[in-house]
Amino acid sequence: DFFRMNDDNRILDGMAVNGQLVALPIDAGGASMIVERDGRLTIDELNYVNYKVILGGTDVPLNAVNDKRGPNQLVMYNSNYGTTTHTNNFGTEVIIKPLADGWSLVRPVEFEVTNVINGGGNSVIPEGCAVLSGHGSAQNILNQLQVGDKGKFSIEINALNGEISDPLHILGVKPMILKKGAHTSYVWDERHPRTALGLSQDKRTVYFCVVDGRQSISKGVTVTHLAD
């Protein structure tokens with residue numbers, strides 16, 4: 001995966017671990033390596049849509065997951081972000097705990113409110129739980145919640161070239177350079193160090209390819225060379 005090279009080092013592509021989101025994609029056009037809950041592997045381009053929580057029967061869109069909270073935004077944080085939310089005190093934060101089978105990327109997850117913190121930030125993220133952090137208009141929605149209230153989290157993740165049934169782990173791997181054995185339209189003609197992941201046609205074997213570069217003994221390769 002690639003990271004935003006500034007003070008926050010934000011992951012640029014979608015990522016999930018153990019059925020829980022680590023990051024929503026920032027860059028469009030990337031591909032992902034997907035590990036299904038039954039162990040099957042696939043590489044595909046994914047579309048993340050309709051990420052939201054349902055509070056009091058009303059759909060409330062999430063602005064981000066595990067990213068900085070902006071004005072009037074609702075952001076969800078989990079332990080993949082760290083031990084706390086790193087937010088300021090100008091908002092409300094609600095601790096939620098999933099019920100039944102825990103977190104999922106393919107079905108609505110019912111949760112229960114375990115704590116409401118009004119006017120406090122940098123909340124501790126309990127293991128296995130998540131924190132809804134709201135500012136401004138989003139804060140007003142969270143202020144209506146009480147401990148014991150129920151809600152739901154849901155997201156749709158669609159594969160553009162095939163189907164995924166129950167993704168457990170997702171790793172962004174940037175553009176696809178080979179699809180069904182043929183070159184894609186993606187071109188990067190500069191020679192650089194490269195890392196690539198590939199999958200056999202029967203989806204039973206994963207190939208890892210690493211090419212050194214930017215030094216006298218190895219200049220690196222272009223994307224076209226890597227695909228070849």
Side-chain angles (χ1 to χ4, degrees), residues 8 10-11 13-26 35 37 46-158 164 166-172:
D8 65 355
R10 172 73 162 80
I11 296 169
D13 303 296
M15 182 183 291
V17 175
N18 292 324
Q20 192 172 33
L21 279 175
V22 177
L24 293 167
I26 295 176
V35 181
R37 199 170 292 272
L46 301 180
N47 187 22
Y48 295 70
V49 294
N50 294 333
Y51 32 93
K52 62 186 178 183
V53 290
I54 304 171
L55 303 172
T58 300
D59 289 1
V60 183
L62 288 166
N63 296 102
V65 174
N66 291 335
D67 201 358
K68 289 183 177 180
R69 187 193 68 202
N72 297 306
Q73 285 191 340
L74 179 64
V75 179
M76 187 170 75
Y77 297 97
N78 57 47
S79 57
N80 293 301
Y81 188 70
T83 57
T84 68
T85 60
H86 301 281
T87 52
N88 59 37
N89 293 330
F90 304 109
T92 293
E93 300 199 320
V94 175
I95 315 298
I96 58 174
K97 180 179 180 180
L99 303 176
D101 297 325
W103 299 102
S104 172
L105 301 173
V106 295
R107 59 172 173 77
V109 176
E110 187 176 11
F111 60 77
E112 180 178 357
V113 174
T114 63
N115 197 7
V116 179
I117 306 157
N118 191 335
N122 201 30
S123 298
V124 172
I125 307 171
E127 188 66 31
C129 297
V131 178
L132 296 175
S133 181
H135 172 271
S137 56
Q139 178 182 7
N140 295 335
I141 295 172
L142 297 184
N143 285 342
Q144 301 175 39
L145 297 176
Q146 298 179 352
V147 173
D149 285 349
K150 303 291 195 304
K152 290 182 179 180
F153 159 78
S154 67
I155 185 172
E156 295 178 28
I157 303 178
N158 302 313
I164 54 175
D166 193 0
L168 183 64
H169 308 298
I170 298 173
L171 175 66

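When a residue number appears, it is its place in the shown sequence, counting from 1.
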Value rounded to 0.5 Å, distance of [atom1] in [X] from [atom2] in [Y]:
X: Leu46; Y: Ile164; atom1: CG; atom2: CD1; value: 5.0 Å
X: Thr83; Y: Glu127; atom1: OG1; atom2: CD; value: 11.0 Å
X: Gln139; Y: Asn118; atom1: CD; atom2: CG; value: 5.5 Å
X: Met15; Y: Asn66; atom1: CE; atom2: CG; value: 11.0 Å
X: Ser104; Y: Gln20; atom1: OG; atom2: CD; value: 11.0 Å

Where do Asn122 and Thr87 land on the side chain to side chain donor-acceptor pair (under 3.5 Å) test, with the steps shown first? CA-CA 5 Å; Asn122 201 30; Thr87 52; 5.8 Å; no
Can you name the ring-ring contact (aromatic ring centres under 6.0 Å, His included) partners of Tyr81, sequence neighbours left out?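 For Tyr81, the residues satisfying ring-ring contact (aromatic ring centres under 6.0 Å, His included) (neighbours in sequence not counted) are Tyr77, His86.
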Where do [X] and [Y] come nearest, in terms of heavy atoms and distance?
X: Arg69; Y: Ser133; answer: NH1-OG, 2.8 Å
X: Pro167; Y: Val106; answer: CD-CG1, 3.3 Å
X: Pro108; Y: Lys152; answer: CB-CD, 4.3 Å
X: Asp149; Y: Gln146; answer: OD2-N, 2.8 Å
X: Pro98; Y: Val109; answer: CB-CG1, 3.9 Å
X: Cys129; Y: Ile95; answer: CB-CG2, 4.3 Å

For residues [X] and [Y], determine if any side-chain heavy atom of one lies less than 4.5 Å from a side-chain heavy atom of the other.
X: Met76; Y: Phe153; answer: yes
X: Leu99; Y: Phe111; answer: no
X: Val113; Y: Lys150; answer: no

Kindly indicate, with the supporting measurements, whether the criterion side chain to side chain contact (heavy atoms under 4.5 Å, CB included) is fulfilled by Val75 and Leu62. CA-CA 6 Å; Val75 179; Leu62 288 166; over 6 Å; no
Can you check side chain to side chain contact (heavy atoms under 4.5 Å, CB included) on Ile26 and Leu24, steps first, answer last? CA-CA 7 Å; Ile26 295 176; Leu24 293 167; over 6 Å; no
Please report, to 0.1 Å, the donor-acceptor pairs under 3.5 Å made by any side chain of residues 49-56, with sequence neighbours excluded.
from  : atom 1 : to     : atom 2 : distance (Å)
Asn50 : ND2    : Glu156 : OE2    : 2.9
Lys52 : NZ     : Asp59  : OD2    : 2.9

Looking at [Y], is its backbone amide N or carbonyl O close enough to the side chain of [X] to form a donor-acceptor pair, meaning the two atoms are under 3.5 Å apart?
X: Glu93; Y: Ser123; value: yes
X: Asn78; Y: Asn80; value: yes
X: Trp103; Y: Leu21; value: no
X: Asn63; Y: Leu74; value: yes

Stepwise side chain to side chain contact (heavy atoms under 4.5 Å, CB included) check, Val131 with Ile96: CA-CA 6 Å; Val131 178; Ile96 58 174; over 6 Å; no
Go through the steps to decide whether Asn143 and Thr92 satisfy the test side chain to side chain donor-acceptor pair (under 3.5 Å), and finish with yes or no. CA-CA 7 Å; Asn143 285 342; Thr92 293; 2.6 Å; yes
Evaluate the side chain to side chain contact (heavy atoms under 4.5 Å, CB included) criterion for residues Val94 and Thr114: first the C-alpha distance (whole Å), next the side-chain angles of each, then the deciding distance (0.1 Å), finally the verdict. CA-CA 8 Å; Val94 175; Thr114 63; over 6 Å; no
